[in-house]
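Notes for the one structure printed next.
Residue indices begin at 1 and follow the sequence shown.
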Amino acid sequence: MSATILTVENINVFYGTSQALFEASLNLYAGETLALLGRNGAGKSTMMKAIAGVIPTRRGKVTFMNKTITGVPSYKIARSGIGYVPEDRQIFPTLTVEDNLVIAYKRGPNGEDAWPIQRVYDMLPLLAPLKDRMGGQLSGGEQQMLTVGRSLMGNPTVLLLDEPSEGLAPIMVEKIGTLIETLKSLGNTIVLAEQNLHFCLGLADRAVVIDKGKDVFNGSIKELNTNDEVKQRYLSV
């Protein structure tokens, strides 16, 4: 088994006085794709934001590459090698596609430069003809591709993808799935937050199911797919 690259141990996260995560945990191995599954509002996005340092963790610990990153500012977490693709995309609408990409460029934590802009365009051929178009003029699927490309420009060690297929036309969902499959085949380590189990079946190695802010299942994606009780109770499948 590959080395553990990311560990989330019993974290509690709040929005003001409202608790969103309750002793939630997961672990991620180098080179794998982990599906973080659950219904809308279960806590998937909160888990992603806590890992990326976008929201604080009140209790528990997040460890990345054998270093504790709990309480570390989000920009330092990004520099350490965690790339975060948020659910709401957060592109710069008044910048061109190319400017959205270039502004995110940085080397990896050990000086890696595996994702120059031409390779990003090669990986996301949809973007190349649109490089001079303003971000706000893109379709939802095009914006989703741009957010992934922007994250790759930062040469991440781990890629956090939060609901990448949500609200997209079926053809764009298929393109996103192909992109994730390609990134996985290149050895990238990915956490994929999704409501859609079927989308994850051919992509993920393992799954963590989260419900009401707690992790309620942790196992292989095959084990989850054959566990009708967990699917019906927590995923409405």
Evaluation steps, side-chain contact (heavy atoms from CB on, under 4.5 Å), between Leu37 and Gln195: CA-CA 6 Å; Leu37 293 160; Gln195 295 183 52; over 6 Å; no
Under 3.5 Å donor-acceptor, Asn196 side chain and His198 backbone: yes
Closest non-hydrogen atom pair between Met134 and Pro93, with its separation: CB-O, 3.6 Å
hydrophobic_cluster_shared for Leu168 and Leu127, side chain cutoff 4.5 Å: yes
Over 12 non-hydrogen atoms of neighbours within 6.0 angstrom of CG in Leu186: yes
Summary of salt bridge (charged side-chain N to carboxylate O under 4.0 Å, His left out) pairs that have at least one residue in residues 208-218, sequence neighbours excluded: Arg39-Asp211
Throw together a table of side-chain donor-acceptor distances under 3.5 angstrom for residues 147-161, partners on residues two or more places apart or in other chains.
{"unit_1": "Thr147", "atom_1": "OG1", "unit_2": "Gln144", "atom_2": "O", "d": "2.7"}
{"unit_1": "Thr147", "atom_1": "OG1", "unit_2": "Gln144", "atom_2": "NE2", "d": "3.1"}
{"unit_1": "Arg150", "atom_1": "NH1", "unit_2": "Gln90", "atom_2": "O", "d": "2.7"}
{"unit_1": "Arg150", "atom_1": "NH2", "unit_2": "Arg89", "atom_2": "O", "d": "2.7"}
{"unit_1": "Asn155", "atom_1": "OD1", "unit_2": "Ala114", "atom_2": "N", "d": "2.7"}
{"unit_1": "Asn155", "atom_1": "OD1", "unit_2": "Trp115", "atom_2": "N", "d": "3.0"}
{"unit_1": "Asn155", "atom_1": "ND2", "unit_2": "Lys106", "atom_2": "O", "d": "2.9"}

Gap separating the OG1 atom of Thr68 from the CD atom of Glu9, nearest 0.5 angstrom: 8.0 Å
From CA spacing to verdict: side-chain contact (heavy atoms from CB on, under 4.5 Å), Ile190, Leu183: CA-CA 9 Å; Ile190 299 168; Leu183 290 170; 4.0 Å; yes
Rounded distance (nearest 0.5 Å) linking atom CZ of Phe64 with atom OG1 of Thr4: 12.5 Å
Short side-chain to backbone donor-acceptor contact, Ser2 and Tyr29, under 3.5 Å: no
Backbone N/O of Glu223 and side chain of Thr226: donor-acceptor pair under 3.5 Å: yes
Closest non-hydrogen atom pair between Ala24 and Met47, with its separation: CB-CE, 3.6 Å
hydrophobic_cluster_shared for Leu201 and Ile180, side chain cutoff 4.5 Å: no
Student check: side-chain heavy atoms of Pro86 and Asp162 closer than 4.5 Å: no
Evaluation steps, side-chain contact (heavy atoms from CB on, under 4.5 Å), between Val13 and Ile55: CA-CA 8 Å; Val13 175; Ile55 54 175; 3.4 Å; yes
Glu174 atom CD, over 12 foreign heavy atoms within 6.0 Å: no
Non-neighbouring partners of Glu87 that pass salt bridge (charged side-chain N to carboxylate O under 4.0 Å, His left out), sequence neighbours left out: none
In one Ile/Leu/Val/Met/Phe/Trp/Tyr side-chain cluster, 4.5 Å: Ile103, Val120: no
Donor-acceptor pair, side chain of Thr63 and main chain of Asn66, under 3.5 angstrom: no
Salt bridge (charged side-chain N to carboxylate O under 4.0 Å, His left out) involving Lys184 - partner list, sequence neighbours excluded: Asp205
pair Leu26-Leu36: side-chain heavy atoms closer than 4.5 Å: yes
Same apolar cluster (I L V M F W Y, side chains within < 4.5 Å links), Leu192/Leu124: yes
Side chain to side chain, Ile176 and Val173, heavy atoms closer than 4.5 Å: no
Residue pair Val208 / Leu34, side-chain heavy-atom distance below 4.5 Å: yes
Residue pair Asn27 / Thr7, side-chain donor-acceptor N/O under 3.5 Å: no
Side-chain heavy-atom pair Leu6, Ile51 within 4.5 angstrom cut-off: yes
Salt bridge (charged side-chain N to carboxylate O under 4.0 Å, His left out) contacts touching residues 15-34 (sequence neighbours left out): Glu23-Arg59, Glu32-Arg206
Reported CG-to-CE distance for the pair Leu130 and Met145, which is rounded to 0.5 angstrom: 11.0 Å
Glu166 side-chain N/O to Glu163 backbone N/O, donor-acceptor pair under 3.5 Å: no
Atom pair CE/CD1 of Met48 and Ile82 - distance to nearest 0.5 Å: 10.5 Å
Donor-acceptor pair between Asp122 and Gln118 side chains, under 3.5 angstrom: yes
Minimum side-chain heavy-atom gap Leu203-Glu181 below 4.5 Å: yes
Chi angles and distances behind the side-chain contact (heavy atoms from CB on, under 4.5 Å) call for Leu126, Met172: CA-CA 11 Å; Leu126 191 73; Met172 289 308 301; 3.9 Å; yes
Test item: side-chain donor near acceptor, Ser74 and Tyr84, under 3.5 Å: no
Distance in Å, Leu146 CG paired with Phe92 CZ, rounded so as to fall on 0.5 Å steps: 10.0 Å
By salt bridge (charged side-chain N to carboxylate O under 4.0 Å, His left out) - contacts of Asp113 (at least two apart): Arg107
Heavy-atom side-chain proximity of Tyr121 to Lys131 below 4.5 angstrom: yes
Side-chain heavy-atom pair Asn227, Asn225 within 4.5 angstrom cut-off: no
Spatial distance of atom CG (Asp99) from atom CG (Asp132) [nearest 0.5 Å]: 9.0 Å
Single-linkage hydrophobic cluster Val97~Tyr105, side-chain heavy atoms < 4.5 angstrom: yes
